[in-house]
Amino acid sequence: MVEQFMQEAVQLAVENVRARRGGPFAALVVKDGNVVARGTNLVTSSNDPTAHAEVVAIRAACKSLNTFQLDGCDLYTTCEPCPMCLGAIYWARLRRVYYAGTREDAAAAGFDDDFIYEEIALPLGDRRIEMIPLLHDEAQRAFDTWKHLADRIRY
């Protein structure tokens with residue numbers, strides 16, 4: 001069954017490329033042996049740099065299951081997740097991730113995310129994109145408001 005889900009994801013990725021909707025990536029979210037959502041890379045067709053297959057699938061699964069956390073769900077993705085997708089996977093609380101291609105495979109095809117992994121490890125002042133702290137004390141008001149909200153939904 002596990003390989004069957006990955007085969008479906010791979011087929012979706014191939015179809016996505018042939019349809020020229022985006023890059024060669026697809027993902028499925030599976031719960032209790034059933035596919036609850038599918039996603040393909042839609043970056044170029046939607047002009048959305050966050051429309052990676054994993055993120056598209058996570059958004060669809062959350063909508064389908066009416067929740068913001070995907071406890072008990074597995075993700076099948078055609079490639080090792082990039083840093084952005086990895087963050088989304090952790091925030092969604094997926095149980096496990098199955099992946100086919102590696103980040104090295106993606107780099108060989110022209111999708112090199114290594115620079116992002118390297119940037120994350122750098123101190124803020126050494127990153128390519130300038131990070132400028134601004135109104136730190138003012139921002140604390142939002143955090144304080146959140147901390148004092150008795151019925152907040154924790155995540």
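In what follows, every heavy atom counts, from backbone to side chain, and hydrogens, waters and symmetry copies are set aside. Here the structure is a predicted model, which means the values were calculated and not measured.
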In Å and rounded to the nearest 0.5 Å, what is the [atom1] to [atom2] distance from [X] to [Y]?
X      : Y      : atom1 : atom2 : value
Phe5   : Asp74  : CZ    : CG    : 9.0 Å
Phe68  : Trp91  : CZ    : CH2   : 10.5 Å
Leu42  : Thr50  : CG    : OG1   : 10.0 Å
Ile89  : Cys73  : CD1   : SG    : 12.5 Å
Gln140 : Trp146 : CD    : CH2   : 15.5 Å
Leu28  : Leu12  : CG    : CG    : 6.0 Å

Could you tell me whether the side chain of [X] and the main chain of [Y] form a donor-acceptor pair under 3.5 Å?
X      : Y      : result
Glu119 : Arg128 : yes
Asp105 : Cys79  : no
Asn34  : Val36  : no
Asn16  : Gly23  : yes
Glu8   : Gln4   : no
Arg127 : Ile120 : yes
Arg152 : Lys147 : yes

Are [X] and [Y] connected in the hydrophobic side-chain network, where two residues link if heavy atoms are under 4.5 Å apart?
X      : Y      : result
Val17  : Tyr99  : no
Met1   : Tyr98  : yes
Val2   : Val29  : no
Leu134 : Met131 : no

Test log, rule side-chain contact (heavy atoms from CB on, under 4.5 Å), inputs Val55 and Met84: CA-CA 9 Å; Val55 172; Met84 176 186 70; 4.1 Å; yes

For the residue pair Asn41 and Pro24, establish whether any side-chain heavy-atom pair is separated by less than 4.5 Å. no

Can you find a pair of side-chain heavy atoms, one from Leu75 and one from Glu54, that are under 4.5 Å apart? yes

Working note: Glu15 + Gln11, criterion side-chain hydrogen bond (donor to acceptor under 3.5 Å, both in side chains); need CA distance, chi angles, decisive distance, verdict. CA-CA 6 Å; Glu15 291 170 8; Gln11 185 58 39; 3.2 Å; yes

Verify salt bridge (Lys or Arg N to Asp or Glu O under 4.0 Å) between Asp71 and Arg93, making sure each step is shown before the conclusion. CA-CA 6 Å; Asp71 300 317; Arg93 309 290 197 270; 5.7 Å; no

Considering all heavy atoms of both residues, which atom of [X] and which atom of [Y] are nearest to each other, and what is their separation?
X     : Y     : result
Ala9  : Ala26 : O-CB, 3.2 Å
Gly39 : Ala53 : O-CB, 3.7 Å
Ala27 : Ala57 : O-CB, 3.8 Å

Could I get the full list of side-chain hydrogen bond (donor to acceptor under 3.5 Å, both in side chains) partners for Thr78, not counting sequence neighbours? none

Leu94/Ile58 under side-chain contact (heavy atoms from CB on, under 4.5 Å): CA gap, chis, key distance, verdict: CA-CA 9 Å; Leu94 286 152; Ile58 288 169; 4.0 Å; yes

Could you check whether Arg141 pairs with Asp144 (Lys NZ or Arg NE/NH1/NH2 to Asp/Glu carboxylate O, under 4.0 Å)?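 No, Arg141 and Asp144 are not salt-bridged.
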
Verify the neighbour count for atom CD of Gln7: are there more than 12 heavy atoms of other residues, nucleotides or ligands below 6.0 Å? no

Does Arg20, at its CZ atom, have more than 12 non-hydrogen atoms belonging to other residues, nucleotides or ligands within less than 6.0 Å? no

Hey, can you tell me if Phe111 and Phe25 have their rings parallel, tilted or perpendicular (30° and 60° cut-offs)? perpendicular

